[in-house]
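Structure first, commentary second.
Below, chain A is the first sequence line, B the second, and so on; all start at residue 1.
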Protein chains: 2
Amino acid sequence: MRLTTKGRYAVTAMLDLAIHYEDGPITLADISQRQGISLSYLEQLFAKLRRKGLVDSTRGPGGGYRLSRIPAEIPVADVIIAVDEKLETTRCGGLGNCQEDERCLTHDLWTELSDQIYNFLSGISLGNLVSRQTIQDVAARQDGNQKINLDTVERETVAVS
Amino acid sequence: MRLTTKGRYAVTAMLDLAIHYEDGPITLADISQRQGISLSYLEQLFAKLRRKGLVDSTRGPGGGYRLSRIPAEIPVADVIIAVDEKLETTRCGGLGNCQEDERCLTHDLWTELSDQIYNFLSGISLGNLVSRQTIQDVAARQDGNQKINLDTVERETVAVS
DNA sequence: ACTTACCCGAGTGTTTTAGTCAAGTATATT
DNA sequence: AATATACTTGACTAAAACACTCGGGTAAGT
Ligand code: FES
Ligand code: FES
């Protein structure tokens, strides 16, 4: 298994989408600002999320991304797998052939661990996360900061023009 | 979290030691042969395992490594941590500061996942693994192959001399 | 027309991985 | 004492993975 920023960013971005689920399409620029993830990198991630059918996109002004299903129906595991991170800890990829085509000593252990991880992450949906108080708190802080940042930008823009 | 061959090899090697726990010191050459792990790489891993006090070493002919405690008292988690693989899935390393010194949206999720993984791997000891039938089967196969390989080497040596 | 915002592929510096290699030290056997 | 065994240490490296960036495109709204 490897859980890197790719998988973490994907879940973070999808969770942002879940939090603002009622607000219509959300632009990547918004997510980038709120979550502190580079816009170009987000584009890369959302290309995969779209291909896997987890999000729908609308182009042009007023466009953006939205979840293809309600948040409660999107397990975290699906998001991570969509961006190509495997929740697999075996060396053989489940084939049981990593020692000269036969199973190695620890194959069963890693298989059990993988199941454990997969079960945990499929048991938690985006909707589940959104309803948590601690996450609402962070979201509120981010929306506040974003507003402040926008105000600043606006003021600066005015000052320049 | 990253679970790579380093961690997997460490557990495999330690399990080999646990299986042959009653046979006195085991040489890295034996483990290398049975488990198909490069000798030099094993040396690197065992340097860490020794520093962390998981194995004891004896030098010279008849020497080798042995577990410092009985297999039942060595959890798999300890072995993985000993070779520097972190069972941590947060980006912040548990500090809760990965978004401009504040906690990010997904911090709690990764913390729970880390706990889940840690609990699973500390609940399983080398002794526990040794007692499993599937693992005994693999071990038996390996001992068989090793004997065959040794016979071959012996025959070849005789043939050459 | 013009702006917004998604779409796509290629490229790139840095870090990690998965080892190797060489030289040295302690111990046991002959 | 000589020799072989086996642990000990440190430095080194090719190749892969990571975490992005850049540049140009296309569709939709106003
Ligand atoms: S991990 Fe599956 S055979 Fe080794
Ligand atoms: S993972 Fe801990 S703050 Fe982001």
Is any side-chain N or O of [X] closer than 4.0 Å to OP1 or OP2 of [N]?
X	N	result
B:Thr4	C:dA18	yes
B:Tyr41	C:dT17	no
A:Arg2	D:dC18	yes
B:Arg50	D:dT9	yes
B:Thr5	C:dA18	yes

Hey, what are the protein-to-nucleotides 26-30 of chain D N/O distances that come in under 3.5 Å?
residue: D:dT26; atom: O2; partner: A:Arg59; partner atom: NH2; Å: 2.6
residue: D:dA27; atom: O4'; partner: A:Arg59; partner atom: NE; Å: 3.0
residue: D:dA27; atom: O4'; partner: A:Arg59; partner atom: NH2; Å: 3.4

Whole angstrom is fine here: how far is it from [atom1] in [X] over to [atom2] in [N]?
X	N	atom1	atom2	value
A:Asp56	C:dA5	CG	P	18 Å
B:Ile37	C:dG19	CD1	P	9 Å
A:Leu45	D:dT21	CG	P	12 Å
B:Gln35	C:dG19	CD	C1'	18 Å
A:Lys48	C:dC6	NZ	P	19 Å
B:Lys6	C:dT20	NZ	P	15 Å
B:Arg66	D:dC7	CZ	P	12 Å
B:Leu39	C:dC21	CG	P	12 Å

message = Does A:Glu43 contact D:dT21 through a side-chain donor or acceptor facing the base, at a distance under 3.5 Å?
response =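 Flag unset: no donor-acceptor pair detected.
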
request  = Look at the side chain of B:Gln44 against the base of C:dT20 and say whether a donor-acceptor pair falls under 3.5 Å; ignore hydrogens and angles.
outcome  =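 A donor-acceptor contact between them is present.
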
key: B:Phe46 and B:Tyr65 aromatic ring geometry - parallel, tilted or perpendicular at 30°/60° bounds   =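 Geometry flag for B:Phe46 against B:Tyr65: tilted rings.
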
request  = May I ask you to say what A:Tyr65 touches in the nucleic acid, namely base, sugar-phosphate or nothing, with a heavy-atom cut-off under 4.0 Å?
outcome  =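 Sugar-phosphate contact only.
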
request  = Describe the nucleic acid contact of A:Ser57 in one word from base, sugar-phosphate, nothing, applying a heavy-atom distance below 4.0 Å.
outcome  =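 Sugar-phosphate, backbone atoms only, no base.
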
Could you tell me whether a side-chain N or O of [X] sits under 3.5 Å from a main-chain N or O of [Y], the two making a donor and an acceptor?
X	Y	result
A:Ser32	A:Leu28	no
B:Asn128	B:Ile124	no
B:Arg8	A:Thr89	yes
A:Glu85	A:Thr5	no
A:Ser68	A:Leu54	yes
A:Gln99	B:Arg34	yes

Cluster overlap B:Leu95 with B:Leu109, hydrophobic side-chain contacts below 4.5 Å =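 The answer is no; the residues belong to distinct hydrophobic clusters.
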
query = Does B:Arg103 pair with B:Asp108 as a salt bridge, N-O distance under 4.0 Å?
reply =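 Salt bridge flag = yes for B:Asp108 with B:Arg103.
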
query = Any side-chain heavy atom of A:Leu3 sitting closer than 4.5 Å to one from B:Leu113?
reply =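 Counting from C-beta outward, A:Leu3 and B:Leu113 do come under 4.5 Å.
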
Close approaches to DNA chain C from residues 16-32 of chain B, in residue order (heavy atom, under 4.0 Å) =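 By residue number: none to list.
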
task = Let me know, please, whether B:Gly64 or B:Arg91 comes out on the 5' side of the other along DNA chain D by nearest nucleotide.
result =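 This one resolves to B:Gly64.
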
